[in-house]
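Structure, as structure tokens:
Numbers for residues simply follow the sequence, beginning at 1.
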Amino acid sequence: MNMKIIFAGGLAMYVAQFAVGMLTGPVIHEGILEPAYQAHASFWRPELVQDPADMAALLPLWISTGVIGSLIIAGIYGTVRNSFAGSGWLNGMKFGVMIWLVHVVAMAGWSGVFNLPYTIWGWWGAEALVYMLVGGAVLGLVAEKVAPRSA
């Protein structure tokens, strides 16, 4: 395990995905999916269904799980990155697609448990693809800078 990839790559990935979330959040979650979210209010945390929503109360949870998840994903990337051909950022994007596919499979399973409309699952999947492509590219780029692959 390369700790430089885990910490530098994982944190860079998290920051990139957080920035993407600042763009996709208002469009997808506060716009397109707002009616579906309101129709299924019993599924959400109380902080999200109050008026106005108290997202700041959930930020510590969201940030901590996001950072931990990014560090884990970076560790996995460091283990498998030699399986991909190409430049660092391209390898990261390929890895992002791979992680996204695992995510989609998990969401498909969850959709058989949680009675949410397919619109929600579809938009969550689409947003996850953007997160994984951008985050993966940044992870791959940083990993190549802090721990270049040997030829």
Worksheet item: What are the two closest heavy atoms between V146 and A8, and how far apart are they?
Response: CG1-CB, 4.1 Å
Item to complete: Look at the side-chain heavy atoms of Ile, Leu, Val, Met, Phe, Trp and Tyr, link any pair under 4.5 Å apart, and say whether M13 and L101 land in one connected group.
Response: yes
Discussion item. I want to check something: taking the side chain as every heavy atom from C-beta on, are H29 and W124 in contact at a cut-off of under 4.5 Å?
Written reply: yes
Worksheet item: Is a donor on one side and an acceptor on the other found under 3.5 Å between the side chain of W44 and the backbone of Y37?
Response: yes
Worksheet item: Does H40 use its side chain to pair, donor to acceptor, with the backbone of A36 at less than 3.5 Å?
Response: yes
Discussion item. Please check: side-chain N/O of K94 versus main-chain N/O of A85, any donor-acceptor pairing under 3.5 Å?
Written reply: yes
Item to complete: Determine yes or no for a side-chain-to-main-chain donor-acceptor pair under 3.5 angstrom, with E47 supplying the side chain and D54 the backbone.
Response: no
Worksheet item: What class does the angle between the rings of F114 and F43 fall in, given that below 30° is parallel, 30 to 60° is tilted and above 60° is perpendicular?
Response: perpendicular
Fill in: Side-chain donor/acceptor of N91 to backbone N/O of G86, under 3.5 Å
yes
Item to complete: Find out if a path of hydrophobic residues (ILVMFWY) with successive side-chain heavy-atom gaps under 4.5 Å connects V15 to I5.
Response: no
Discussion item. Is any side-chain heavy atom of S87 closer than 4.5 Å to one of E144?
Written reply: no
Discussion item. For F18, is the CZ atom crowded, meaning more than 12 foreign heavy atoms sit under 6.0 Å from it?
Written reply: no
Discussion item. Between L133 and W100, is there a side-chain heavy-atom distance shorter than 4.5 Å?
Written reply: no
Fill in: Closest non-hydrogen atom pair, W121 against M107
O-CE, 3.2 Å
Worksheet entry | Non-hydrogen atoms of V138 and A16 that approach each other most closely | CG2-CB, 3.7 Å
Item to complete: Could you pull out the closest heavy-atom pair between A12 and V142, with the gap in Å?
Response: CB-CG2, 3.6 Å
